[in-house]
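Written below as structure tokens is the structure these notes are about.
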2 protein chains.
Amino acid sequence: MATQTAAQRREQAKVEYDAFLAQCPSRALLDRISDKWVVLVLCALGGEGGRDEGTPAAGPAPLRYSELARRLAGVSQKMLTQTLRSLERDGLVTRDVTPTVPVTVAYALTDLGLSLREVAQGLRVWAQANMGEVLTNRDAYDARTS
Amino acid sequence: MATQTAAQRREQAKVEYDAFLAQCPSRALLDRISDKWVVLVLCALGGEGGRDEGTPAAGPAPLRYSELARRLAGVSQKMLTQTLRSLERDGLVTRDVTPTVPVTVAYALTDLGLSLREVAQGLRVWAQANMGEVLTNRDAYDARTS
DNA sequence: CAGGATCCCGCTAGATACTG
DNA sequence: CAGTATCTAGCGGGATCCTG
């Protein structure tokens, strides 16, 4: 297969990626992972139920589709499926189908997904931790420009 | 002014934010900061020219509007201005206008912005570092499902 | 249960033109 | 230089209906 030559071409260009350049593929990848649903899916599969519960870094427990849908309150099936497919294609999550009746599908993080989860975690935690300050800043800004 | 009562209301609800909940404001904030341009602006103002140059964590040097536009290749004035305004309103960046002719405007990170920059950095670096592996995974996925 | 397929609206991002 | 204003095309994303 030609996957080797493709991998080799990439190998020699390994350090060349720069998200500041418009035409660089890493710009598109940054756009992909800079997504609310991506962050939340990664966090959910990472073991976060929402708030920081007792389990600090519990092993990446696989979650079923319906379970994910419940945790990511307000997500549409379309967005959830779309996000999961994208993550699967990029090798961030695995999708395991158990042919029961009805069928059971479990999603889990790969090692690659686990590495991005750390960063995603950071985003979500930051938002939750600094929400109050941001709200205060907005009040001040709006009062000043009103 | 009523900013105090608002701040107090927030104070007592400080730990209540949960981005997994649809109606939680932190969900909206997560959506805001999960943005390609936000990440790149934060990184640029953090001192990154793109690749990891010699300066590991150079002080947050203020950048002018045109300088930012140059670094974020491909960004439209609209998106850049819009992103900067949003960041300013949230208290992540400062906007200093020097009344020269023509006018000079410099943007810089606040302490709050600096804290988010760390995470944003992580996203950009992750995208650049794992671009190759993601590309390989996509090839494999597409070959399998073709 | 875990989606696939469609329809369709909204709003956002981009292009263009203008200004203090 | 550093924006603002306006217009429009495109698609992101929700709602809905259907299926193995």
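Below, read A as the first sequence line, B as the second, and so on, with proteins coming before strands; counting in each chain starts at 1.
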Can you tell me if the side-chain N/O atoms of [X] get under 4.0 Å from OP1 or OP2 in [N]?
{"X": "S66(A)", "N": "dA2(C)", "value": "yes"}
{"X": "Q82(B)", "N": "dA13(C)", "value": "yes"}
{"X": "R95(A)", "N": "dG3(C)", "value": "yes"}
{"X": "T104(A)", "N": "dC1(C)", "value": "no"}
{"X": "R64(A)", "N": "dA2(C)", "value": "yes"}
{"X": "Y107(A)", "N": "dC1(C)", "value": "no"}

- Task: Could you check which of dG3(C), dG13(D), dG14(C) has an atom nearest any side-chain atom of T81(A)?
- Result: dG3(C)

- Task: Output the single nucleotide from dA15(C), dG13(D), dG20(D) whose closest atom is nearest the side chain of K78(B).
- Result: dA15(C)

How close or far is atom [atom2] of [N] from atom [atom1] of [X], stated in whole angstroms?
{"X": "Q77(B)", "N": "dT16(C)", "atom1": "CD", "atom2": "C1'", "result": "9 Å"}
{"X": "R70(B)", "N": "dC1(D)", "atom1": "CZ", "atom2": "P", "result": "11 Å"}
{"X": "L80(A)", "N": "dG4(C)", "atom1": "CG", "atom2": "C1'", "result": "14 Å"}
{"X": "R85(A)", "N": "dG12(D)", "atom1": "CZ", "atom2": "P", "result": "18 Å"}
{"X": "D31(A)", "N": "dT12(C)", "atom1": "CG", "atom2": "P", "result": "15 Å"}
{"X": "W37(B)", "N": "dA13(C)", "atom1": "CH2", "atom2": "P", "result": "10 Å"}
{"X": "E88(A)", "N": "dA2(C)", "atom1": "CD", "atom2": "P", "result": "15 Å"}

- Message: For N137(A) versus G91(B), what's the shortest heavy-atom pair and its separation?
- Response: ND2-CA, 3.6 Å

- Closest heavy-atom contact between M79(B) and W37(B)? CE-CD1, 3.8 Å

- Message: Check this for me: D111(B), atom CG, are more than 12 non-hydrogen atoms of other residues, nucleotides or ligands nearer than 6.0 Å?
- Response: no

- Message: Return whichever of G74(A) or P102(A) has its heavy-atom-nearest nucleotide of DNA chain D closer to the 5' end.
- Response: G74(A)

